[in-house]
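The next block holds one structure in the form of structure tokens; read it before the comments.
The first residue in the sequence is number 1, and the count goes up from there.
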Amino acid sequence: MRVLILADLPVHTLPGFEDHTPSHSATWFAPLIKAWNIPPDLDIHWLTLTKRVRSEQSLNFSGQTFHLLPRRKLSIEMLTGFRRERGKIRRLVKKLKPDLIHAWGTESGYAMAALDSPIPKLLSMQGILSHYCETAPHPFFTRIQARAERRDLPKFRDITVESPWGIEQVRRRAPHAHLHHVEYGVDPALFEIERAPADKPIALFVGTLNTLKGVDTLLTAFQHPSLAHVELRLLGDGPLRDSVSAPNITFLGYRSHEEVISEMRRAWCLVHPTLADTSPNCVKEARVLGLPVVTTPNGGQTQYVTHRQSGWIHEAGASDPLIEGVRFLTMDRQSSISYGEHGKTDCRTALSAVTCADRFTSLYRQIEVR
């Protein structure tokens with residue numbers, strides 16, 4: 001069985017491209033690729049469109065074949081319905097003759113390209129853009145992506161989603177699809193790292209600094225006198241970066257994945273006051289590392305966080321219960337460590353890249369025999 005996976009891979013994780021600047025947040029792809037124990041009758045090909053190459057390149061790695069095709073400006077592709085990129089994908093599909101096309105995400109033109117072919121297909125969700133745009137204001141191009149998602153989702157028969165919350169949102173948009181719960185694994189290096197919380201309380205945020213992630217509520221909370229003793233460190237970029245100035249708030253900007261993990265080791269808790277999230281990777285990584293989390297019920301992250309045991313779940317958009325949660329998890333250093341340990345083993349089992357790879361292999365077989 002030959003499977004062609006269409007995905008925006010972080011190219012710098014492939015051999016021969018290590019010197020390229022890391023610039024992609026999809027950290028789950030590299031662990032999946034390395035963990036995949038490919039059976040002899042399964043032939044895995046990946047296709048990614050990237051500005052990192054000027055002509056088509058192919059390479060073999062970890063028992064899989066990778067096809068890198070040049071990409072022009074993404075905004076132009078969006079405005080033209082990804083016509084040029086879909087043409088490139090059609091040519092490779094014609095050449096490879098796959099038995100199944102696995103498109104990853106609705107952000108690019110991969111879902112559209114999969115629908116161009118009569119070949120059996122599988123879609124894996126990364127974020128549910130149409131729901132996000134209904135929840136908070138978004139830029140023009142994100143709204144274009146959301147419209148395409150609303151149009152394309154109902155056309156897929158099989159869709160994987162990372163959380164029960166996400167499945168509920170996708171079911172509203174694709175009521176006749178077979179929805180499969182598949183957790184995307186985290187970097188296995190996290191399983192070997194031991195937390196070392198700083199001497200003084202640190203709350204860490206990782207992600208886009210916008211209202212969808214609840215950063216406005218977060219910044220309001222940390223200007224309250226009751227949290228003056230806790231440092232808030234924000235990793236990421238977005239419209240709310242440097243929007244406030246307070247002695248206990250530090251904007252760190254975009255950092256490498258290694259630096260993010262280093263910050264997580266030192267933190268006393270992760271804060272993720274999102275308004276909507278399918279299954280945020282930062283929460284997964286925090287829980288596998290043993291870091292407790294303050295978050296909302298508005299997303300799939302509640303799979304990994306138990307209120308008052310491994311974190312704190314509060315009403316989205318409300319700063320007072322967020323403050324209460326941060327204070328609860330930063331009472332003392334040992335308590336922070338104990339809360340983080342609660343449920344960590346179960347999270348590690350669920351979020352193993354090997355588990356994810358096996359699940360996809362099983363799904364491919366299931367779709368093949370229909």
Side-chain angles (χ1 to χ4, degrees), residues 1-9 26 28-29 31-33 35-39 41-48 64 82 85-86 89-90 92-94 96-132 145-185 278-279 300 303 350-370:
M1 180 185 189
R2 175 169 291 172
V3 178
L4 175 60
I5 304 175
L6 313 178
D8 277 330
L9 292 174
W28 53 88
F29 281 127
L32 172 62
I33 290 165
W36 220 327
N37 182 19
I38 310 294
D41 61 337
L42 185 60
D43 184 17
I44 299 289
H45 289 252
W46 295 76
L47 181 152
T48 192
Q64 298 152 72
F82 294 92
E85 293 192 355
R86 288 160 68 184
I89 294 171
R90 278 196 299 270
L92 188 63
V93 168
K94 186 177 179 180
L96 292 178
K97 296 181 174 58
D99 301 293
L100 172 70
I101 297 176
H102 181 180
W104 213 300
T106 56
E107 297 85 350
S108 296
Y110 298 127
M112 297 182 202
L115 291 170
D116 288 338
S117 172
I119 295 169
K121 54 192 66 69
L122 172 69
L123 174 67
S124 286
M125 299 299 293
Q126 296 179 155
I128 306 169
L129 302 180
S130 52
H131 183 73
Y132 299 168
Q145 293 170 305
R147 283 199 295 270
E149 179 182 276
R150 281 191 291 267
R151 181 195 66 224
D152 294 339
L153 267 182
K155 300 175 184 177
F156 281 90
R157 184 178 180 184
D158 290 277
I159 304 173
T160 76
V161 193
E162 293 181 84
S163 64
W165 181 91
I167 286 175
E168 181 181 337
Q169 306 309 319
V170 173
R171 184 172 286 117
R172 289 172 47 207
R173 294 158 175 82
H176 302 297
H178 298 289
L179 303 181
H180 311 274
H181 183 191
V182 181
E183 298 284 358
Y184 310 155
T278 309
S279 190
Q303 298 174 96
L351 298 171
S352 161
V354 173
T355 301
C356 179
D358 289 346
R359 183 79 173 99
F360 277 121
T361 298
S362 176
L363 261 179
Y364 295 162
R365 302 276 193 231
Q366 181 179 329
I367 295 171
E368 181 187 27
V369 298
R370 282 187 189 159

(request) Taking R173 for its side chain and Q169 for its backbone only, find out whether a donor-acceptor pair lies under 3.5 Å. (result) yes
(request) Test ring pair (Phe, Tyr, Trp, His ring centres under 6.0 Å) on F360 and W104 and set out the steps. (result) CA-CA 12 Å; F360 277 121; W104 213 300; 5.2 Å; yes
(message) Could you tell me if the side chain of V93 sits less than 4.5 Å from the side chain of L47, heavy atoms only?
(response) no
(request) Indicate yes or no for a side-chain donor-acceptor contact from R2 to the backbone of L96 under 3.5 Å, with no hydrogens or angles considered. (result) yes
(request) Look at the rings of W165 and H131 and say which category their plane angle falls in: under 30° parallel, 30 to 60° tilted, over 60° perpendicular. (result) perpendicular
(request) Kindly compute the distance separating CG (D99) from CG (D43), expressed to the nearest 0.5 Å. (result) 9.0 Å
(request) Evaluate the side chain to side chain contact (heavy atoms under 4.5 Å, CB included) criterion for residues I44 and I33: first the C-alpha distance (whole Å), next the side-chain angles of each, then the deciding distance (0.1 Å), finally the verdict. (result) CA-CA 10 Å; I44 299 289; I33 290 165; over 6 Å; no
(message) Quick check: closest heavy atoms across I101 and P98, and the distance to 0.1 Å?
(response) CG1-CG, 4.2 Å
(request) Just say parallel, tilted or perpendicular for the rings of H178 and H180, cut-offs at 30° and 60°. (result) tilted
(request) Work out which heavy atom in T278 is nearest to a heavy atom in S163; give both atom names and the distance. (result) O-OG, 2.6 Å
(request) State whether the side chain of S352 and the backbone N or O of V354 hold a donor-acceptor pair below 3.5 Å, judged by distance alone. (result) yes
(request) Could you check if a side-chain atom of R151 sits within less than 4.5 angstrom of a side-chain atom of M112, using non-hydrogen atoms only? (result) yes
(message) Between E149 and L129 (side chain of the first, backbone of the second, donor and acceptor by atom type, cut-off under 3.5 Å), is there such a pair?
(response) yes
(message) Quick check: do E183 and T355 have side-chain heavy atoms less than 4.5 Å from each other?
(response) no
(message) Check whether E85 reaches the backbone of F82 with its side chain - one donor and one acceptor, N or O, closer than 3.5 Å.
(response) no
(request) Nearest 0.5 Å please: distance from the OG atom of S117 over to the CD1 atom of I89. (result) 11.0 Å
(message) With rounding to the nearest 0.5 angstrom, report the CG to CD distance, L351 to E162.
(response) 9.0 Å
(request) Could you tell me which non-hydrogen atom of P31 sits nearest to which non-hydrogen atom of A353, and how far apart they are? (result) O-CB, 3.6 Å
(message) Determine whether R365 and D41 satisfy the following criterion, side chain to side chain contact (heavy atoms under 4.5 Å, CB included), listing intermediate values before the conclusion.
(response) CA-CA 11 Å; R365 302 276 193 231; D41 61 337; 2.9 Å; yes
(request) Can you establish whether the number of heavy atoms outside N37 located under 6.0 Å from its atom CG is more than 12? (result) no
(request) Test side-chain hydrogen bond (donor to acceptor under 3.5 Å, both in side chains) on Y184 and S279 and set out the steps. (result) CA-CA 9 Å; Y184 310 155; S279 190; over 6 Å; no
(request) Return the set of residues passing salt bridge (charged side-chain N to carboxylate O under 4.0 Å, His left out) with R172 (not counting sequence neighbours), or none when no residue passes. (result) E134
(message) Within this structure, what is the CG-CG distance for the pair L6 and L122, rounded to the nearest 0.5 Å?
(response) 10.5 Å
(message) Quick check: closest heavy atoms across R86 and G109, and the distance to 0.1 Å?
(response) CG-O, 4.2 Å
(message) Just verifying a value: how many Å separate W36 CH2 and L42 CG, rounded to the nearest 0.5 Å?
(response) 7.0 Å
(request) Identify the heavy atoms of P120 and L100 that sit nearest to each other, and give their distance. (result) O-CD1, 3.2 Å
(message) In terms of relative ring orientation, are H102 and Y364 parallel, tilted or perpendicular, with 30° and 60° separating the classes?
(response) perpendicular
(message) Is there a side-chain contact between H181 and P164 in this structure, where contact means two heavy atoms from C-beta onward sitting under 4.5 Å apart?
(response) yes
(request) Given side chain to side chain contact (heavy atoms under 4.5 Å, CB included), test I367 with R157 step by step and report yes or no. (result) CA-CA 10 Å; I367 295 171; R157 184 178 180 184; over 6 Å; no
(message) Check whether Q64 reaches the backbone of W46 with its side chain - one donor and one acceptor, N or O, closer than 3.5 Å.
(response) no
(request) Enter the distance from I5:CD1 to Y110:OH here, rounded to the nearest 0.5 Å. (result) 12.0 Å
(request) Compare every heavy atom of A7 with every heavy atom of F29, then report the nearest pair and how far apart it is. (result) CZ-CB, 3.7 Å
(request) State, with a plain yes or no, whether a side-chain heavy atom of T106 is found less than 4.5 Å away from one of Q145. (result) no
